[in-house]
Number of protein chains: 2
Amino acid sequence: MARSRNTEQKIFDAATELFLEKGVDRTSVREIAAKADINLALMNYYFRSKENLFSAIFSSLVKTNSEELIRILDSNLELEEKIRQYVSVYIDMLSENPLLVSFVMAILHRSRERITEMKAVSSLYATEKFTQQVLEEGKKGNIRRTDPSQLFVDMLSLIAFPFAIKMLIIDKNNFTDKDFQVFIKERKKRIPEMLIDSLRLKP
Amino acid sequence: MARSRNTEQKIFDAATELFLEKGVDRTSVREIAAKADINLALMNYYFRSKENLFSAIFSSLVKTNSEELIRILDSNLELEEKIRQYVSVYIDMLSENPLLVSFVMAILHRSRERITEMKAVSSLYATEKFTQQVLEEGKKGNIRRTDPSQLFVDMLSLIAFPFAIKMLIIDKNNFTDKDFQVFIKERKKRIPEMLIDSLRLKP
DNA sequence: TTTTTTTTTAAAACATTGTTTAAAACAAAA
DNA sequence: TTTTGTTTTAAACAATGTTTTAAAAAAAAA
């Protein structure tokens, strides 16, 4: 008979929440068991080890949140519109899951091996078409000649970093969570403008 | 007599290195003791607890690396030059200590209480003059009217984030460490241009 | 030198972690 | 119902973590 999807899912969900909130290393399996309201040993029964559970969760998170972004990057949209959509979708995604950036960065710092797992799924590794477009438009003289890698890192930085320092921004500006949302929403307009500005040919 | 600065320093230095490299939670006090070549109990003798040691190190790191930045922000340089210098100095600093960003972010994710400790020292909290300049230049019509907080976050993001995802950038582009340095050096020109571009009045 | 204080040591106490075991409870199939 | 296989449980285990203790060694003060 199929394993109780119910219990397995309960563990997965509880662990996801805790890992995002407190980080993997500060979350004990006992805590996960308590939150999932299951017996301690069931974690090992279903996932063999904590590290394994973490790996499953990490892959799932990255994958879930990358598919749409990859689709945009691979699409035939013209460069400007592609940038607008990528920024918009990415920011919406992170707004819904603001802990994601910190989590991924913590993992990046914690276990470099995890990089491999990201390759297959992260939108960072799906920039071929984007790169090609930037080079082509540059050649045509439609935009300033630009290193596509730099442009992509700019974009990523402007999108993601504010979420990584969310707490600092909130604290510094005496923001409520709502204020932060407004702040971020503003960036959905601001970032594409900035990037496209930087591509515009000087008169 | 004063406590043996020597031993205390040895512990401090060994722990700093390990915390930066592997993160606080994955560094054991036994490891610190081994690396510092001291008896295990001395860590407690000098710093009372691992958490306390960490706190000392964190404050020191943030402080050391913020003083010059704060000085620039508080200076009377005109806005454009201030941006150029801030970016340049900040990038140089992170280049010398590339693990700093990941470390601070991991901490931000790990212990929100630490935010308090940053207030007194982080350059993020010394933007008063900068803010004032942006508003003033905007009023005078010398630059586009801009939310200073947004501009500052842009600047910070463009500077810091690439270091946080250094491993991804290296891996994705098949960079050597030297390549990464070149990539970053390029950004020292690129970032100020981008920011100043975004402030320029449209024709 | 003797006394006092500071620093270092080895040992062990103590807590918590992730994992395993072996039996019990349960559900499905025969 | 009996059998079979799956899921759950409580308890134990082994490893590793941090902190404390109490005595030894070293250094400074008297």
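Everything numeric in this text was worked out from a predicted model, so none of it was measured. Naming: A, B, ... by sequence-line order, numbering from 1 per chain. The analysis underlying the following values was restricted to heavy atoms, covering all of them including side chains, and did not include hydrogens, waters or symmetry mates.
Regarding Ile11(A), its CD1 atom lies at a distance of 11 Å from the C1' atom of dT8(D), rounded to whole Å. In this structure, Phe47(B) atom CZ and dT18(D) atom P are separated by 15 Å, rounded to whole Å.
Under the rule for a side chain to side chain donor-acceptor pair (under 3.5 Å), the partners of Glu81(A) that lie at least two apart in sequence or sit in another chain are Gln85(A). Arg144(B) pairs by the side chain to side chain donor-acceptor pair (under 3.5 Å) definition with Asp197(A), not counting sequence neighbours. Lys50(B) meets the side chain to side chain donor-acceptor pair (under 3.5 Å) test with no other residue; sequence neighbours excluded. Residues meeting the side chain to side chain donor-acceptor pair (under 3.5 Å) test with Arg26(B), sequence neighbours left out: Asp25(A).
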Could you tabulate the donor-acceptor pairs under 3.5 Å formed by side-chain atoms of residues 149-160 of chain A, not counting sequence neighbours?
from	atom 1	to	atom 2	distance (Å)
Ser149(A)	OG	Asp147(A)	OD1	3.4
Gln150(A)	OE1	Arg187(B)	NH1	2.8
Gln150(A)	NE2	Phe183(B)	O	2.9
Asp154(A)	OD1	Arg187(B)	NH1	2.9
Asp154(A)	OD1	Arg187(B)	NH2	2.7
Asp154(A)	OD2	Arg190(B)	NE	2.7
Asp154(A)	OD2	Arg190(B)	NH2	2.8
Ser157(A)	OG	Val153(A)	O	2.6

Extract all donor-acceptor atom pairs below 3.5 Å that involve side chains of residues 91-106 of chain B and protein atoms in other chains or at least two apart in sequence.
from	atom 1	to	atom 2	distance (Å)
Asp92(B)	OD1	Lys188(B)	NZ	2.8
Asp92(B)	OD2	Lys188(B)	NZ	3.4
Ser95(B)	OG	Ile91(B)	O	2.8

Between the protein and nucleotides 19-25 of chain C, which nitrogen or oxygen pairs are less than 3.5 angstrom apart?
from	atom 1	to	atom 2	distance (Å)
dT19(C)	OP2	Lys50(A)	N	2.8

Watson-Crick or G-U pairs under 3.5 Å in DNA chain D, rendered as dot-bracket with [ ] for crossing pairs and | for another strand: ||||||||||||||||||||||||||||||
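Residue pairs meeting the salt bridge (charged side-chain N to carboxylate O under 4.0 Å, His left out) criterion with at least one member in residues 98-109 of chain A, sequence neighbours excluded, do not occur.
Phosphate proximity of dT16(C) to Ser28(A): absent, as no side-chain N or O sits under 4.0 Å from OP1 or OP2. Listed pair Asn39(A) / dT7(D) fails the phosphate criterion, with no side-chain N or O lying under 4.0 Å from OP1 or OP2.
Between Arg84(A) and Glu80(A) there is a salt bridge, since a side-chain N of the basic residue sits under 4.0 Å from a carboxylate O of the acidic one.
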